[in-house]
A.B. asks: 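Quick one: structure below, then a few questions.
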Number of protein chains: 2
Amino acid sequence: MESQEPQVKNSPLMPLMYTNRVALKTILESGDGETGLVGTTVVVGGWVKSSKEVKKEPLPPPQSPPPAAADAFPAASHGTKDVTCVEILQSRIPFFRTIIRVLGGSASSPAVRQKLESLIPKPPPPSIFLLDINDGSCVSSLRVVIDSAIVPVSAGQILPTGTCILAQGVLGNPSALGKQTIELTVEKILHVGTVEQDKYPLSRKRLPLDSLRDYPHIRPRTTTVASVARIRNTLDFASHTFFQNRGFLHVQVPIMTTTDPEGFSEKFQVTTLLGETSKKESPIGVSDADGVSPETVKAAIQEKSSLVEQLKRSDSNREALAAAVQDLKKTNELAQQIETREKSKPVTAVKPDLVNFNADFFGRQIYLTVSGRLHLESYACALGHVYSFGPRFRADKTVSAKHVAEMWTVEAEMAFAQLEDAMKCAEDCFKFLCRWILDNCSEDMNFVSKRIDKTVAHRLEYMASSSYDRISYREAVEILSKVTDKAFETQLQWGVPLTDEHLSYLADDHYRRPVIIYDYPKAVKPFYVRLNDDGKTVAAFEMVVPKIGTVIIGSQNEERFDMLNARIKEFDLSKDQYEWYLDLRRHGTVKHSGLSLGFDLMVLLATGLTDVRDVIPFTRTHGKANN
Amino acid sequence: MESQEPQVKNSPLMPLMYTNRVALKTILESGDGETGLVGTTVVVGGWVKSSKEVKKEPLPPPQSPPPAAADAFPAASHGTKDVTCVEILQSRIPFFRTIIRVLGGSASSPAVRQKLESLIPKPPPPSIFLLDINDGSCVSSLRVVIDSAIVPVSAGQILPTGTCILAQGVLGNPSALGKQTIELTVEKILHVGTVEQDKYPLSRKRLPLDSLRDYPHIRPRTTTVASVARIRNTLDFASHTFFQNRGFLHVQVPIMTTTDPEGFSEKFQVTTLLGETSKKESPIGVSDADGVSPETVKAAIQEKSSLVEQLKRSDSNREALAAAVQDLKKTNELAQQIETREKSKPVTAVKPDLVNFNADFFGRQIYLTVSGRLHLESYACALGHVYSFGPRFRADKTVSAKHVAEMWTVEAEMAFAQLEDAMKCAEDCFKFLCRWILDNCSEDMNFVSKRIDKTVAHRLEYMASSSYDRISYREAVEILSKVTDKAFETQLQWGVPLTDEHLSYLADDHYRRPVIIYDYPKAVKPFYVRLNDDGKTVAAFEMVVPKIGTVIIGSQNEERFDMLNARIKEFDLSKDQYEWYLDLRRHGTVKHSGLSLGFDLMVLLATGLTDVRDVIPFTRTHGKANN
């Protein structure tokens with residue numbers, strides 16, 4: 001149906017820019033019926049979150065021609081929510097009527113006419129459709145009322161969850177008791193985007209978050225993921241605001257890099273040597289198996305089995321159980337197909353030593369960046385305070401709730417700044433973000449507090465206003481070694497990295513608020529961190545937050561040429577790769593410090609969620625990337 | 001030297017956050033001598049842009065012990081700018097004095113003492129060092145005055161361009177005539193980062209921008225590149241501000257993707273199959289040749305030859321010429337080394353059909369994203385107005401001033417919006433950015449107007465305030481076919497893409513301002529653009545800007561399932577890859593439109609530069625990626 005999107009003249013509500021609809025947020029946030037919105041004509045658009053149909057008494061068959069929109073929307077509605085054969089027949093009523101008129105006209109007999117009329121289905125009694133639609137501008141939905149006698153549309157078209165609707169109507173006081181404060185009575189439907197109900201993942205209500213991960217392209221239509229997206233957006237802009245307001249310049253560091261900033265993380269290589277396989281199918285028959293790896297299928301089987309078990313236990317939902325069992329069966333079949341194929345397949349690995357990287361796009365090996373801090377240093381050593389905000393990559397195969405292959409990171413670097421400065425900056429930035437979310441996302445914070453974690457707003461408030469302890473790694477080890485009420489899996493002694501359980505004990509149990517740990521043993525931190533005078537520790541820090549773990553890491557980086565050179569040798573790194581980085585010490589070196597903030601972890605903290613796969617729009621993990 | 005960075009108490013100037021120095025911007029912007037800054041003690045830090053030494057009358061040899069900093073800075077200075085043997089001897093004066101004192105003490109004879117004294121060089125007469133230092137906070141530099149009689153420091157340490165200095169001193173009226181309005185007399189030097197003058201690329205004054213491209217890590221210390229970085233930062237935040245203020249949510253679309261949004265651009269593949277070669281050297285002897293490809297070396301030879309030619313012509317700078325010739329020789333030698341090596345090398349290419357991508361990290365082939373618009377659609381079809389700002393990649397081997405392998409793009413997508421809405425959004429966004437730069441970057445705009453392009457500010461002003469024509473592709477072809485005063489290389493007829501010279505004619509000559517061209521032939525635009533009712537054209541547009549070319553492209557995307565499906569077949573694309581994208585049409589489809597703004601081109605426009613390699617911090621082009 002062509003949407004004409006008419007200019008609505010008499011609305012006190014401004015339409016959104018670049019569309020003629022009004023954001024639901026503007027209606028619902030002032031929609032207490034006393035703000036003069038009642039009686040206003042507006043255009044709204046959104047997707048159906050829930051719906052019901054209320055039958056009216058049947059009307060006499062229509063004598064007058066149907067209203068203007070009837071060409072596009074058949075003037076029929078009925079009592080079930082599914083599109084059925086009856087409905088299809090009904091949608092042809094005007095056509096049948098024409099036939100009858102023609103036949104009846106020639107036969108001229110009322111009896112024949114009556115007989116013919118009895119052969120076609122009666123138009124269903126008109127209905128009132130009550131739709132709650134949401135457009136993503138806020139948590140709440142707007143109640144939209146459609147009288148099928150006035151606006152001809154069928155239940156099958158309009159009722160399914162996920163249906164898109166653009167409609168013009170009049171705002172009014174709610175017709176029924178409920179939580180609504182305002183509702184819209186539709187005068188004209190401008191667009192309907194229907195749903196293939198049997199294929200739509202959100203047709204079953206309230207899928208758990210981990211099931212939603214299979215539908216990253218659809219899940220922002222759920223209230224929770226939409227709320228997460230808005231909180232994420234707010235934190236994103238807050239991060240820029242924090243640094244911009246403090247005189248930092250944003251620098252876009254390169255994503256493809258030949259320099260490895262750490263020397264100990266797995267990296268993704270970027271190449272044009274492997275070429276593209278033919279478009280129609282991949283070389284090893286992957287296309288039949290839907291392009292998935294054996295690992296993915298194994299993981300899927302595990303997940304789906306546990307869902308089946310869960311549903312069996314709850315036993316409340318027989319349909320869902322049947323569907324899940326069916327789903328599991330299919331996946332098992334897929335696994336067998338893949339196994340058969342795996343056996344008859346060409347050689348697997350490419351030996352890197354046989355590859356001529358001179359022929360690659362850049363004439364050498366190049367990787368996706370793990371951290372932008374080294375490149376950022378180059379700009380800090382010219383412009384002072386700089387920061388970067390972008391994607392960082394690790395080819396880590398372990399599955400974790402806190403780390404995936406592609407994550408966004410805020411990094412800052414400051415010339416003429418030392419370790420304490422970076423720790424202060426980290427604390428300020430963290431508190432700023434906590435406060436900003438509370439001040440700028442109240443509706444979404446209310447929602448996540450209700451739906452996900454009751455204590456989340458309280459915790460943000462507490463963290464924004466309390467002061468954090470700063471302890472050295474040595475002090476941390478001392479505290480942990482005195483712990484008697486808890487046995488740690490990893491026995492701690494000076495020199496070994498602190499594990500998640502150690503960090504959790506310090507932040508969740510001991511301090512019960514964020515804590516900053518600094519001066520780490522040099523072996524557990526990258527080569528570029530500044531060596532302390534004791535020769536054993538380096539000027540690195542981590543900010544550990546209850547429930548989340550390490551959210552910010554930072555360090556004062558080595559500004560002394562000889563020291564840095566020695567560290568590069570100590571780590572057995574290729575000096576060639578770091579010549580440009582050494583240049584920054586050869587020429588006009590300066591003390592400088594910086595930090596990296598795990599942005600996705602910050603979103604976890606603000607939403608009360610516990611797995612980054614639920615807060616990253618399109619998550620990338622080992623064996624999983626489908627779009 | 002350890003910097004103690006003392007808290008400066010009596011300064012009306014606030015120090016920067018997370019450092020004790022004051023940003024030079026705050027001094028220089030209020031530094032007319034009448035704002036009460038004279039007499040204020042401040043700490044400043046920065047890098048030497050230019051310097052000179054003024055000799056004072058020789059003083060009698062020091063009787064009192066040197067001031068506190070003398071342990072770290074030898075109390076010696078001399079008349080040349082280079083560090084010489086004399087200077088090294090001089091730097092040992094305290095040591096010689098100790099010997100003399102010891103020897104003299106035991107000998108007890110004034111004659112012996114005098115003889116010994118005559119053996120060591122006399123301390124040089126004290127000097128005044130005048131340094132202009134810059135910290136990247138603004139275009140201007142601060143004149144810093146160091147009297148070597150008061151602050152013991154040597155010329156060789158302090159004078160070279162690029163030296164880093166952190167110093168405390170008192171602000172005062174300028175001691176000499178010149179453009180300075182305020183200067184700093186140093187009381188105490190807190191840190192000096194020296195320069196290896198013979199290796200420092202910026203020791204030669206005013207390298208042309210294309211030579212600076214070889215030193216991306218150093219070039220932000222030049223006034224021009226620093227100014228570009230600040231303008232770039234301002235445009236960056238302005239882009240976020242534009243969309244945030246209009247209710248758009250920022251969505252971080254994935255960088256690694258299995259979906260190809262265009263089907264006709266060269267892509268980078270991401271893999272873990274090729275593994276890492278040993279750290280010490282790459283497999284094919286690349287390490288000796290400094291990890292560069294033959295292509296890079298050839299390009300370097302060409303560039304350096306032309307520099308030599310240029311210097312020969314200008315003949316003003318003999319030293320520079322000698323250095324350039326030496327440099328060219330070295331590169332030639334490198335080229336020969338590489339050629340020898342290339343001949344004795346293992347097999348080159350990897351046949352993709354022999355690679356088992358099931359064993360790759362994601363169990364399938366995956367690429368760096370070319371455009372985020374498809375993923376953005378998924379969020380637009382739930383949240384309404386969304387945008388993204390991130391790096392996009394094309395493995396295009398052609399060298400161009402407007403396109404490199406990694407570029408940042410602003411993309412927006414709007415539900416319930418049509419082609420005209422996206423065109424309006426593009427125009428608004430473009431004008432907003434022009435206006436923002438004029439309003440928020442006046443010092444840098446003055447600089448680039450003076451140094452790079454006199455008309456740049458005027459052009460921005462004109463573009464921010466004029467209205468743009470919108471013409472269809474058909475109209476564009478008509479206009480171009482009537483052109484008689486210019487012969488185009490590519491003869492134009494309906495259906496072929498418009499080339500750069502066509503676009504340039506329209507924007508630079510015909511309209512003399514930005515122009516929007518819409519309704520392109522379907523074959524020249526991606527599959528996802530909405531087919532118009534004529535069946536021949538699609539709802540795409542391009543905004544073409546004088547001097548730059550196409551800065552924004554956009555389109556209304558196909559919302560009709562059957563149409564989109566047909567287009568995927570027409571383009572011979574793998575349907576599997578687009579199933580998730582088709583889902584957005586299967587379930588609750590909506591009319592939607594969006595755009596992509598080439599951010600780096602926007603920076604060109606705002607700075608008056610003509611090559612994106614000069615405005616991207618670390619540029620990636622074919623055969624070139626060294627950090």
Side-chain angles (χ1 to χ4, degrees), chain A residues 17-19 21 45 47 135-136 162 164 193 195-196 200 217 220-221 233 236-237 246 249-250 254-255 259 268-270 272-275 277 283 291 293 346 348 350 352-353 356 358-359 362-364 378-379 382-384 391 395 416-417 421 425 574 580 586-590 618 623 625 627, chain B residues 17-19 21 45 47 135-136 162 164 193 195-196 200 217 220-221 233 236 244 246 249-250 254-255 259 268-270 272-275 277 279 283 291 293 348 350 352-354 356 358-359 362-364 378-379 382-384 391 395 416-417 421 425 580 586-590 618 623 625 627:
Chain A
M17 306 284 288
Y18 319 119
T19 174
R21 72 190 171 98
W47 289 265
D135 67 356
C164 177
V195 160
E196 287 187 36
Y200 189 55
H217 57 302
R221 295 193 195 170
N233 168 68
D236 182 314
F237 192 62
R246 281 155 188 76
L249 299 175
H250 189 247
I255 302 304
T259 314
F268 288 103
Q269 188 167 346
V270 178
T272 52
L273 285 181
L274 297 178
T277 49
S293 72
T348 300
V350 182
D353 289 356
N356 175 8
N358 276 353
F362 293 108
R364 60 193 297 175
S378 135
Y379 270 68
L383 301 170
F416 305 102
D421 299 310
C425 181
S574 144
W580 71 269
R586 255 185 213 108
H587 310 302
T589 192
V590 61
F618 295 85
N627 45 51
Chain B
M17 307 284 286
Y18 320 120
T19 175
R21 73 189 170 98
W47 289 265
D135 68 355
C164 178
V195 160
E196 286 187 36
Y200 189 55
H217 57 302
R221 295 192 195 171
N233 168 70
D236 183 315
Q244 293 283 340
R246 280 155 187 77
L249 299 174
H250 189 245
I255 302 305
T259 313
F268 288 104
Q269 188 167 346
V270 178
T272 52
L273 284 182
L274 298 179
T277 48
K279 283 176 184 167
S293 71
T348 301
V350 182
D353 289 357
L354 287 178
N356 176 9
N358 277 351
F362 293 108
R364 60 193 297 173
S378 133
Y379 270 67
L383 301 169
F416 305 102
D421 299 310
C425 182
W580 71 270
R586 253 182 215 111
H587 311 300
T589 192
V590 61
F618 295 84
N627 44 51

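Here is how names work: the chains are called A, B, and so on, in the same order as the sequence lines, proteins then strands, and each is numbered from 1.
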A.B. asks: Decide yes or no on side-chain contact (heavy atoms from CB on, under 4.5 Å) for A:Tyr18 and B:Arg246, but give the supporting numbers first.
C.D. replies: CA-CA 9 Å; A:Tyr18 319 119; B:Arg246 280 155 187 77; 3.6 Å; yes
A.B. asks: Would you say the side-chain atoms of B:Asp236 and A:His250 include a donor-acceptor pair closer than 3.5 Å?
C.D. replies: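 Present: a donor and an acceptor within the cut-off.
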A.B. asks: Under the 3.5 angstrom rule, does the side chain of B:Thr19 hit a backbone N or O of A:Ala417 as a donor-acceptor pair?
C.D. replies: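 No, B:Thr19 side chain to A:Ala417 backbone: no donor-acceptor pair under 3.5 Å.
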A.B. asks: Could you pull out all residues at least two apart from A:Phe268 that satisfy ring-ring contact (aromatic ring centres under 6.0 Å, His included)?
C.D. replies: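 For A:Phe268, the residues satisfying ring-ring contact (aromatic ring centres under 6.0 Å, His included) (neighbours in sequence not counted) are B:Phe361, B:Phe362.
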A.B. asks: Compare every heavy atom of B:His217 with every heavy atom of A:Trp580, then report the nearest pair and how far apart it is.
C.D. replies: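 That would be O-CD2, 3.1 Å.
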A.B. asks: Need one label for A:Pro391: side chain, backbone, both or neither, based on atoms under 4.5 Å from any heavy atom in chain B.
C.D. replies: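 Contact with chain B involves the side chain of A:Pro391 alone.
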A.B. asks: Output the option from B:Ile255, B:Val270, B:Thr259 having the highest count of non-hydrogen pairs under 4.5 Å with chain A.
C.D. replies: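 Greatest number of close heavy-atom pairs with chain A: B:Ile255.
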A.B. asks: Got a donor-acceptor contact below 3.5 angstrom from the A:Trp47 side chain to the B:Ala382 backbone?
C.D. replies: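 No, the answer is negative, given that no donor and acceptor are paired below the 3.5 Å cut-off.
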A.B. asks: Given the options B:Ala625, B:Gly45, B:Gly588, which has more heavy-atom pairs under 4.5 Å with chain A than any of the others?
C.D. replies: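 Option with the top pair count is B:Gly588.
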A.B. asks: Locate the shortest heavy-atom distance separating A:Pro220 from B:Leu383; write the atom from each residue and the value.
C.D. replies: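 Heavy atoms only, the tightest pair is O-CD2, 4.3 Å.
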A.B. asks: Tell me, out of B:Asn627, B:Leu249, B:Val195, who's got the most heavy-atom pairs with chain A below 4.5 Å.
C.D. replies: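 That would be B:Asn627.
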A.B. asks: At a heavy-atom distance under 4.5 Å, which candidate from B:Cys425, B:Ala395, B:Gly384 has the highest pair count against chain A?
C.D. replies: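 Heavy-atom pair counts peak at B:Cys425.
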A.B. asks: So how far is it from A:Asn233 CG to B:Gln244 CD, rounded to the nearest 0.5 Å?
C.D. replies: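 Those atoms lie 4.5 Å apart.
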A.B. asks: Please enumerate all residues that pass side chain to side chain donor-acceptor pair (under 3.5 Å) together with A:Arg586, with sequence neighbours excluded.
C.D. replies: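 Residues passing side chain to side chain donor-acceptor pair (under 3.5 Å) with A:Arg586: A:Glu579, A:Asp583.
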A.B. asks: Could you walk me through whether A:Gln269 and B:Gln269 pass the side-chain contact (heavy atoms from CB on, under 4.5 Å) check?
C.D. replies: CA-CA 8 Å; A:Gln269 188 167 346; B:Gln269 188 167 346; over 6 Å; no
